[in-house]
Amino acid sequence: MNADVAVENTSAIALWNDPTAPVSARVDALIDAMTLEEKTAQLFGVWVGASDEGGEVAPHQHEMEEPVDLDALLPTGLGQLTRPFGTVPVDPALGALSLARTQARIAATNRFGIPALAHDECLAGFAAWGATAYPVPLSWGAAFDPALVREMAEAIGRDMRSVGVHQGLAPVLDVVRDARWGRVEETIGEDPYLVGTIGTAYVQGLESAGIVATLKHFAGYSASRAGRNLAPTSMGPRERADVLLPPFEMAIREGGARSVMNAYTDTDGVPSAADEALLTGLLRDTWDFDGTVVADYFAIAFLKTLHGVAADWADAAGTALRAGIDVELPNVKTYGAPLTEAVADGRVPEALVDRAVRRVLTQKVALGLLDPDWNPLPAALDATDEDDPSALRGRIDLDGPANRALARTLAEQAIVLLSNDGTLPLDRPRRIALIGPNADEPTAVLGCYSFPQHIGVRHPDTPLGIELPTLRETLAAEFPDAEITYARGTGVDDGDLSGLAEATRLAREADVTLVVLGDRAGLFGRGTSGEGCDVATLALPGAQQQLLDALLDVETPVVTVLLAGRPYALGRAVGESAAIVQSFFPGEEGTRAIAGVLAGRVNPSGRLPVSVPRGPGSQPGAYLGAPLAHASEVSSIDPTPAFAFGHGLSYTRFEWTDLAVEAQDAPTDGEFALSLTVCNTGERSGTEVVQLYLHDPVASVVQPVQRLIGYSRLALEPREARRLRITIPADLASFTGRDGRRVVEPGELELRLSASSADPRLTARVTLTGAERHVDHTRRLHATILLDQTT
């Protein structure tokens, strides 16, 4: 159909609405019928907030954008609705009705009846008022449990889908390179294999619920200089290929992610939003990704305003479109009139618009948005609900018992016991001194992308929407016979020392002191952790170290508890605390989980996804470093961590024995097999995390001293032993060689079976034989770990 000819009303169904026709044919027919303005309209979003009265959404007035006129935009269509639930507090049922009414209007207003695709944040749960606040991704990494993360993501996806959302802006697959970066809490850890496996599990869960998962930030955002947000990156092509890209590669290949979001940063002078080699050459041509690439918010405009690689909005649009960004978010700025005018006068080929709109429409067709039976009302509503919107309030529960049970299980698995002199678990203490800025603060368990911290702080008169018991409350329930005295001591970051005297007095009078320290999540300087909350050192914020030291000076045993978004140097506490319990923003069930660990009801099984530094200034200090990155006699700075990646204690003991290697040699296209026995030699059930590291002593380019290539959580009853058989393909020894290609080289290797990156228990020395072998993105990515027997 000619684009200038209006769509005729006929009894026959249009090809693009025919669910029996091939998707490609439906999309091609629709593109052929569209005007240029109708095509570009599918390539941008509008930031809106759902109505708490059930009416249509209202455009969000953002300080970085001019107001949007929906009446003027909608006749040509609309690509996306930005954050209808994650902009203002709204009852979920009324928000769902508001979104449905808006979708009906959008579809009715454009010629082809195309609704918008609605996206929202879901970093640690659906970022909507009243939705479950799960532990942050750094806690997912600490759990070392992909299956549980997949289950959580599926629950998040079901909740989103039930109210009409189609796309979730998660997971974050950035690998931590400098813990001073404020967004560490949003990451899964400092190891690419851990990030890849946990992140892929999240993608699988979200996608299985019908939600489009969005991988971010592609690529290199976390490698910024000095851990500063939105700063230039200092990485070479080998670091990008071997450390930062593998999680994305895995999540696309094994997770089936249908969207990718670009990073804000530039690498060697090329912004990711303008990097055709990255967004098209690697992502699509090499990895065969066929989904949509969406812009991080305002990233296309930043090509002009921040990066200085575009002269005007049309230039920015053409640059991003050519690189491979299909959708501008959060609002229309460059992909509207500037892009349309640039195509009309020949500055931007219309073929680039067609390429992007084909990807967008293909996704909408796959979501059923163009089917003749499409209904704007989501699963949680029915047609009668429109008659009396006021009766809907409270109808939809996004924080039900099943969600909370999942949140608690993940929180329990993610708590890391860093040290313990036997004080934990607490044995019926008579008097507990509870001290610290996070001991009686409900939101201390939440990350910056939780709804209460992200949006709720701007609406102080609105209830939190979820139950957030403080640690003071959960300890009272856990220890009903104990007298618990409380003092704040100091604030998270106010530097106030006036409460030290009271805190130390209570400590002297107690059997044990629990000091609860850490972060306050926020955005752009409103917190000590979160987006834009970068730090100069890893010293505890404010006067918290002074409080901790003052309590350590008292003879009463001190148990240090951390509710934080990043690891911190703890000074004297490393050697002098009776115990240290580390949690990374464990979500709404977090304080119950911590209380359970302190009481012994929960046997801790978390392992560090990031190293805990010994000193506040030894960054960057990830374990994944070459020999020159570690301690040496020629530098006065020792980056050796206080607690290494993968470290975590239990209330029981495990013994690793009987290593057997089936063959010492294997060809470069072969595999090794080994086995070992792990026994719980203690008196209570517990979980060990078996970690497999590879050490390559001689290679053609410098390699990390070791890197994680496999792991397994192993739950054992007292005196129970299990034998693990591990098959390791030679592909896992591959790395990016001098010519830029991934290679498996012959030579000796060490396979270290370890309880942490600093605690190898058993080592197998093996040899790869034969010729060098080049591998690509189809290589094997995992060792196979099987439990052979129970003894």
Side-chain angles (χ1 to χ4, degrees), residues 179-180 415-421 423-424 426 429 431-441 444-445 470-472 475 484-520 527-529 535-585 591 594 597-598 608 610-618 641-643 647 649:
R180 294 173 296 180
I415 294 171
V416 185
L417 181 60
L418 296 183
S419 67
N420 185 22
D421 66 2
T423 297
L424 294 183
L426 298 176
R431 179 176 290 184
I432 299 171
L434 181 62
I435 312 294
N438 280 340
D440 198 32
E441 172 52 57
V445 294
T470 69
L471 187 56
R472 185 181 184 182
L475 284 173
I484 300 176
T485 59
Y486 164 73
R488 183 168 176 263
T490 188
V492 168
D493 60 345
D494 58 20
D496 181 11
L497 296 174
S498 62
L500 260 62
E502 181 190 10
T504 54
R505 178 182 63 81
L506 295 181
R508 290 189 192 97
E509 297 170 352
D511 298 322
V512 64
T513 297
L514 304 180
V515 56
V516 189
L517 309 172
D519 280 314
R520 180 186 67 257
T528 60
S529 173
V535 293
T537 77
L538 294 181
L540 283 164
Q544 293 185 69
Q545 188 67 53
Q546 291 95 311
L547 172 64
L548 179 55
D549 290 346
L551 295 171
L552 291 171
D553 287 337
V554 178
E555 292 184 1
T556 306
V558 174
V559 175
T560 303
V561 179
L562 293 146
L563 288 160
R566 61 162 65 85
Y568 283 107
L570 301 174
R572 294 167 48 195
V574 171
E576 298 180 35
S577 264
I580 303 174
V581 176
Q582 173 77 66
S583 69
F584 298 107
F585 290 144
T591 61
I594 293 171
V597 167
L598 295 173
L608 283 175
V610 285
S611 307
V612 172
R614 187 167 299 278
S618 57
F643 301 102
H647 170 76
L649 303 179

Verdict with supporting geometry, Thr513 and Ile435, side chain to side chain contact (heavy atoms under 4.5 Å, CB included):
CA-CA 7 Å; Thr513 297; Ile435 312 294; 4.0 Å; yes
N/O donor-acceptor pair under 3.5 Å between [X] side chain and [Y] backbone:
{"X": "Asp511", "Y": "Arg431", "value": "yes"}
{"X": "Arg508", "Y": "Val554", "value": "no"}
{"X": "Arg566", "Y": "Ala179", "value": "yes"}

Just how far is it from atom CD1 of Ile484 to atom CD1 of Ile432, taken to the nearest 0.5 Å?
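Between atom CD1 of Ile484 and atom CD1 of Ile432 there are 4.5 Å.
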Nearest 0.5 Å, please: how far is CG in Leu570 from CZ in Phe643?
7.0 Å
Considering all heavy atoms of both residues, which atom of [X] and which atom of [Y] are nearest to each other, and what is their separation?
{"X": "Thr490", "Y": "Pro437", "result": "O-CB, 3.1 Å"}
{"X": "Ala539", "Y": "Pro616", "result": "N-CB, 3.4 Å"}
{"X": "Asp519", "Y": "Phe585", "result": "CB-CZ, 3.6 Å"}

Side chain to side chain contact (heavy atoms under 4.5 Å, CB included) between Glu441 and Thr470, worked out
CA-CA 6 Å; Glu441 172 52 57; Thr470 69; 5.8 Å; no
Is any side-chain heavy atom of Val535 closer than 4.5 Å to a side-chain heavy atom of Thr528?
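SC-SC contact between Val535 and Thr528 ruled out.
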Closer than 4.0 angstrom, basic N to acidic O: yes or no for Asp553 and Arg572?
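The answer is yes: the pair qualifies as a salt bridge.
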Working note: Leu500 + Leu547, criterion side chain to side chain contact (heavy atoms under 4.5 Å, CB included); need CA distance, chi angles, decisive distance, verdict.
CA-CA 6 Å; Leu500 260 62; Leu547 172 64; 4.2 Å; yes
Checking side chain to side chain contact (heavy atoms under 4.5 Å, CB included) for the pair Ile594/Leu563: CA distance, chi angles, key distance, verdict?
CA-CA 10 Å; Ile594 293 171; Leu563 288 160; 3.5 Å; yes
